[in-house]
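What follows is a set of notes on a single structure, which appears directly below.
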Amino acid sequence: MQIPRRVSGLLSRTLVESSAAYALVRAGAVGVQPPQDLLREALALRAYGPAGAAFSLAALRYGDAAGLIDDRGRIGYRELDLRANAIANGLVALGVRPDDCVAVLCRNHRGMFEALAATAKLGSRTLLLNTDFSAVQLADVCRREGVALVIADSEFAELTAASRTRLGTVSSPGGLDDLAASHAPTAPPRPARAQQIVLLTSGTTGTPKGAPREFGMSLAIPGGYLSKIPLRSGRHVIVAAPIFHAWGLLSTMIAVALGDSIVVRRRFEPADLLAAISEHSADALVTVPIVLSRLVDLGAARRTGYDLGSLRVLAVSGSALSAELATRALHAFGPVLYNLYGSTEVAYATIATPQDLLAAPGCVGRAPIGTTVRLLDADGTEVADGQRGRIFVGSSIQFAGYTDGQAKETVGSLMSTGDIGHLDSAGRLFVDGRDDDMIISGGENVFPAEIEALLNDHPRIVEAAVVGVTDPDFGQRLRAYVVLDDGRPKLTADEIADYVRSNLARFKVPREVIFIERLPRNPAGKIVKHQLPPD
């Protein structure tokens, strides 16, 4: 007897939710609580949704016993939640309306947490901005996304001045402190809609695109994560990944749900991270491969000066983790390394555990509960085992489309990651490269065409081509090939880098510039990049 599709779908969702609930119980996110506390939590969830209520729930459950530790010291969840209430009320007094978009341009510190929590309580559309943006790029994104107000670190005052939003800028920490001190810490009224967080990614032209996220009541997001990466309640978790990126944001919000003490800094040097692990007896470190590389490069002699015995989870994502770095990291820190593969659009796709990385250091692991990964050919047909295919992901947590109305390619319920990969005999996924020419450098998506167009606009450059070359730290680095105009004063590599830096984000600046007489082209006039000289 064949089960109807609707019934089959319901059974599948039930299995996912129950498996996710088990993962949350095992992690300590769910426990026995007095009925009055459960009622208050239910009311907070009803008012603000799971993302918006995260800090309120943490305040109810953990009070001042846990919280955030940043450059300014320690703050408990209860105080953080009360400050978020006051800031939310202050934003309303400034003129923020329910349908407004509020942008946040903050590094990792309590101001980022307060901005996220306050805008959630207002049901705002919260746009997380990249701290590497140039003034031109920042103004363009704010204009396109209809930003009404920017909450920004004071170091970015010159950048935000050019954005010319309706309500201007609230600085952090000064402006947020003023709002927290001058407004009542009572919870704002229930908003008409739940918060929508907009993360920025890149489209095929390299222009940052808004990828909105709305969080329903499904347990699949935290449950799938925790089914592979074993964070536990009541521990110290160091987050050394940008919270404005999906990886840092996801890990931070799960740590909040667990009531962990989250250790962040505006900037972490490698030795500072080791000191923080030792000082706080940290259970987990969430970071990116480039930081992991620098930690490993410190060497065994430097690491022996710190007590790292408490570290049980070292989780990375954001860019490719090379097999070589995975092996070195496992040797340096032991079997504690986890590697998450995904994208802003599909969320996470697979997670490699220490056992996966010991057996196959170059892999990105297997799909967690609630997620399906398929490798498809150009016609949308699943490829045979061991064959390369385009990576597609299906889950209940993928995004619904960009803010400009465009969408990622889908085949049925599966969404493209834009990568090509293969599975080994054990079902572990390997990412072999991009199915387009996008370059991933240090976790940032970069498209050569955008940089080439800028270089070609320079009056002393005849033409230019940009490629990605393998880099042990950044995954890939940018190399520019430049043809200069012989009739004009010469440019130096540093001048070209400064030119790009003044117009584009820092991660789009070529690390190498090679001057050549002409670019190789085919008969149709298209540049043949594989014929460019290797150095």
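Open room surrounds CD on Glu517; 12 or fewer heavy atoms of other groups in view lie less than 6.0 Å from it. Counting non-hydrogen atoms of neighbouring residues, nucleotides and ligands closer than 6.0 angstrom, the CZ atom of Arg506 reaches no more than 12 such neighbours. Within 6.0 Å of the CZ atom in Arg166, the count of heavy atoms belonging to other residues, nucleotides or ligands exceeds 12.
Not a single donor-acceptor pair under 3.5 Å links the side chain of Gln387 to the backbone N or O of Ala384. No donor-acceptor pair closer than 3.5 Å links the side chain of Arg328 to the backbone N or O of Ala323. With hydrogens and angles disregarded, no donor-acceptor distance shorter than 3.5 Å links the side chain of Ser278 to the backbone of Leu274. Put simply, the side chain of Asn456 gets close to the backbone of Ala464: a donor and an acceptor are under 3.5 Å apart. One N or O on the side chain of Ser441 and one on the backbone of Gln476 form a donor-acceptor pair closer than 3.5 Å. Using a distance-only test at 3.5 Å, with no hydrogens or angles considered, a donor-acceptor pair links the side chain of Tyr499 to the main chain of Leu454. Side-chain N or O atoms of Asp177 include none that pairs as donor or acceptor with a backbone N or O of Gly174 at under 3.5 Å. Side-chain N or O atoms of Asp356 include one that pairs as donor or acceptor with a backbone N or O of Thr353 at under 3.5 Å. Listed for the Asp377 side chain is a donor-acceptor partner under 3.5 Å among the backbone atoms of Gly380. Under the 3.5 Å distance criterion, the side-chain polar atoms of Arg477 are matched with a main-chain donor or acceptor of Thr470.
If you check the side chains of Ser395 and Tyr348, you find no donor sitting under 3.5 Å from an acceptor. Of the N and O atoms on the side chains of Gln196 and Thr126, not one donor lies less than 3.5 Å from an acceptor on the other residue. Counted by atom type alone, Glu279 and Tyr306 present zero donor-acceptor pairs between their side chains at under 3.5 Å. Thr403 and Glu145 are linked by a side-chain donor-acceptor pair at a separation below 3.5 angstrom, with hydrogens and angles left out of the test. A donor and an acceptor atom, one from each side chain of Ser293 and Asp473, are located under 3.5 Å apart. Between the side chains of His422 and Asp432, a donor-acceptor pair is found at a separation under 3.5 Å. Between the side chains of Asp419 and Tyr341, a donor-acceptor pair is found at a separation under 3.5 Å.
The pair Arg267-Asp272 does not count as a salt bridge, with every side-chain nitrogen at least 4.0 angstrom from each carboxylate oxygen. The pair Asp70-Arg107 does not meet the salt-bridge criterion, since no charged nitrogen lies less than 4.0 angstrom from a carboxylate oxygen. Taking the charged nitrogens against the carboxylate oxygens, Glu463 and Arg518 have no contact shorter than 4.0 Å, which rules out a salt bridge. Between Asp297 and Arg294, no side-chain nitrogen of the basic residue sits less than 4.0 Å from a carboxylate oxygen of the acidic one, so the salt-bridge criterion is not met. Salt-bridge formation is not detected for the pair Arg125/Asp99: no Lys NZ or Arg NE/NH1/NH2 atom is positioned less than 4.0 Å from an Asp or Glu carboxylate oxygen. Between Glu452 and Lys529 there is a salt bridge, since a side-chain N of the basic residue sits under 4.0 Å from a carboxylate O of the acidic one.
Residues Cys142 and Val150 are in side-chain contact: their nearest non-hydrogen atoms beyond the backbone lie under 4.5 Å apart. When side chains are defined from C-beta on, Val336 does not count as touching Val313, because their heavy atoms never get closer than 4.5 Å. With a 4.5 Å cut-off on side-chain heavy atoms, Phe156 and Asp153 count as touching. Counting heavy atoms from C-beta outward, Leu519 and Tyr481 have side chains that approach closer than 4.5 Å.
Distance check, rounded to the nearest 0.5 Å: CD1 of Ile243 to CG of Leu128 gives 9.5 Å. The CG atom of Leu414 lies 11.5 Å from the CZ atom of Arg390; values are rounded to the nearest 0.5 Å. For the atom pair CG (Leu357) and CG (Leu337), the distance works out to 5.0 Å, reported to the nearest 0.5 Å. To the nearest 0.5 Å, atoms OG (Ser319) and CD1 (Ile290) are separated by 7.5 Å. For the atom pair Leu292 CG and Asn339 CG, the distance stands at 9.5 Å (nearest 0.5 Å). Cys363 SG to Leu429 CG: the interatomic distance, rounded to the nearest 0.5 Å, is 8.5 Å.
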Carefully, step by step, assess Ile440 and Phe474 under the rule side chain to side chain contact (heavy atoms under 4.5 Å, CB included). CA-CA 8 Å; Ile440 302 179; Phe474 290 87; over 6 Å; no
Going through the checks in order, is the side chain to side chain contact (heavy atoms under 4.5 Å, CB included) test met by Ile451 and Val446? CA-CA 9 Å; Ile451 306 167; Val446 184; 3.5 Å; yes
Should Phe244 and Leu129 be marked as a side chain to side chain contact (heavy atoms under 4.5 Å, CB included) after you check the CA-CA gap, both sets of side-chain angles, and the distance that decides it? CA-CA 6 Å; Phe244 62 74; Leu129 295 168; over 6 Å; no
Show, in sequence, the C-alpha distance, side-chain angles and deciding distance for Arg266 and Asp71, and conclude whether the salt bridge (charged side-chain N to carboxylate O under 4.0 Å, His left out) test is met. CA-CA 7 Å; Arg266 296 174 68 88; Asp71 296 289; 5.2 Å; no
Go through the steps to decide whether Asp424 and Phe430 satisfy the test side chain to side chain contact (heavy atoms under 4.5 Å, CB included), and finish with yes or no. CA-CA 8 Å; Asp424 67 8; Phe430 290 75; 3.5 Å; yes
